[in-house]
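Whatever order the structure lists them in is the order used to number ligands and atoms, beginning at 1.
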Amino acid sequence: MSIQQIINQLKKSNHILLASHTNPDGDAIGSLISLGLALQEWKKKIRTYNESPIPAVYQFLPSLHLVHRTVGDISEFDTAVILDCSDLHRIGEAASDGAKIPAIINIDHHSTNTRFGNLQYIDPNASSTAEMVYRLISAMENVSIDRGMAYSIYTGIMADTGSFRFANTTPEAFDISHKMVLLGADPHKVAHHVYETISLNRIKLLNMLYDSIELSENGRLSIMTLTQNMLQTTGTIIDDVSGLINYAKQIENVKLAALLFERKRSPGKKTGSDFHVSLRSEGAVNVAAIATSFGGGGHPNAAGFDIQATLADLKQTIFHFSKNL
Ligand code: 5GP
Ligand code: MN
C-alpha cells in the first residue's frame, strides 16, 4: 500500500479520528500529535484520542491539549487513523465502535500487525511509528514541519529506540532526528523531561523493583515484579512501564527479561490479578512470538501481553521459557 493512497484518502476526508494504543509510550503520543498537527494544517476537522492519561514525563510536549480521552460521537467520523497499534483492540474500549468508521487507516511498525483496516502502511523496519508519520507528513502538500511536530516526531523516535541504543537505531532514525533538531526540537529538553526528572518516591520504587529481580537457574532469564502494593507503599503512580524492564535486561548473561506489572489487584488470592507482561530479549530470542502466543504482540526484541493469573503461577509460566535460552 502506498503512502499516496493514504494521502488521497486523507484529502477527501472531512472528519478524522486519530488514535493510538492505551498506556501510551513516547511513540504512541508523538505519532498521534504530529499527524494531528499536520492534518490541522490541511484545515481538517480532527479528534486525537487516547484512552489513557498521558504520562507525566511527556506532559511537556506542545499541543498535548489536543489529545482527548473520549472519542465523542463515532458516527461523525468518515476516516480513522490508527497509529502504533498492531491490532485495532489496542486503542481500548473504543475499538468496537471505531471499527464502524467507513475508512480505517492502519499505520504501524510492529511485525505482528494484523493488517486490519482498509488502508495499511506497515513497515517493521521503521524505528518507530513517528518515523513513518514523518514520511507521510513529508509527502503531504502544503505542510511544513513546525516546532511542535518536530518535538513530537523526535520524541517518538527517541523513545522507541531507547535513546538511540536499541537494534532499531537505523541511519533513517538518526537522519530524521537530525532534521527534527534543525526544525526546533531540543534533544536536551526532551531527555531532561523524559529521563532526568524523577521523584524521590520513584527512586524508592526502583529500589523495590531491583529487589524483586529473580533469575532462572541458568541465569539467562530475569523476572522483575511490580505490584499494586509497591505502588501504594511508595505513593507512586506508574503511567509508563516501558523504561523499567531495561534494568532487568541489563544483567550479564540475561537473554530474556520479563516485567510482571500487576495492573489490578485480585480481590481473592485464588482468582489472580490482571497483569501486563513486558518482554525484552537479546539477539535471536523472539519475544513477539511468545507474546503472540498469549494474545499480545510487539517486536522481535520487545513485546508484551495481558494475562489474568496469580503471581506465583505467572512466574512459573515465564521461568519455563528459560529452558530454551
Ligand atoms: P511494553 O512492554 O512496553 O508494554 O511493550 C513492548 C512492545 O510490545 C510495544 O511495541 C507494544 O506496542 C507491544 N505490546 C505490548 N503489549 C501488547 C499487547 O498486549 N498486545 C500487542 N499486540 N502488543 C503489545
Ligand atoms: Mn512504536
What protein heavy atom sits nearest atom 16 (N) of ligand 1, and how far off is it? His276 CE1, 3.1 Å

Centre of Phe321's six-membered ring, under 6.0 Å away, within 45 degrees of the axis: is that where NZ or CZ of Lys255 sits? no

Is the shortest side-chain N to carboxylate O distance from Asp84 to Arg90 below 4.0 Å? no

Of the listed options (His21, Arg280, Arg90), which comes nearest to atom 11 (C) of ligand 1 when hydrogens are ignored and any heavy atom counts? Arg90

Within the structure, is a non-hydrogen atom of His89 found at a distance of less than 4.0 Å from ligand 1? no

Could you tell me whether Phe77 and His15 have their ring centroids closer than 6.0 angstrom? yes

Pair Phe275 + Phe261: ring centers closer than 6.0 Å: no

Examine all N, O or S atoms of His110, backbone included, and report whether one is under 2.8 Å from the Mn ion (ligand 2). no

Contact check: Asp27 to the Mn ion (ligand 2), N/O/S below 2.8 Å: yes

At the Mn ion (ligand 2), what is the angle formed between atom OD1 of Asp84 and atom NE2 of His109, rounded to the nearest 10°? 90°

Of all the N, O or S atoms in Asp160, which has the shortest distance to the Mn ion (ligand 2)? OD2

Hey, could you give me each pair passing salt bridge (Lys or Arg N to Asp or Glu O under 4.0 Å) that has a residue in residues 62-81? Not counting sequence neighbours. none

With a cut-off of 4.0 Å, which atoms of ligand 1 are near a heavy atom of [X]?
X      : result
Asp87  : 22 (N)
His110 : 9 (C), 10 (O), 11 (C), 12 (O)
Gly298 : 8 (O), 13 (C), 23 (N)

With backbone taken as N, CA, C and O and side chain as the heavy atoms from C-beta onward, which portion of Asp84 lies under 4.0 Å from ligand 1: side chain, backbone, both, or neither? neither

Taking heavy atoms and a distance under 4.0 Å, where does Ser86 meet ligand 1: side chain, backbone, both or neither? side chain

Using distance alone, decide if ligand 1 has a nitrogen or oxygen within less than 3.5 Å of any nitrogen or oxygen in Asp25. no

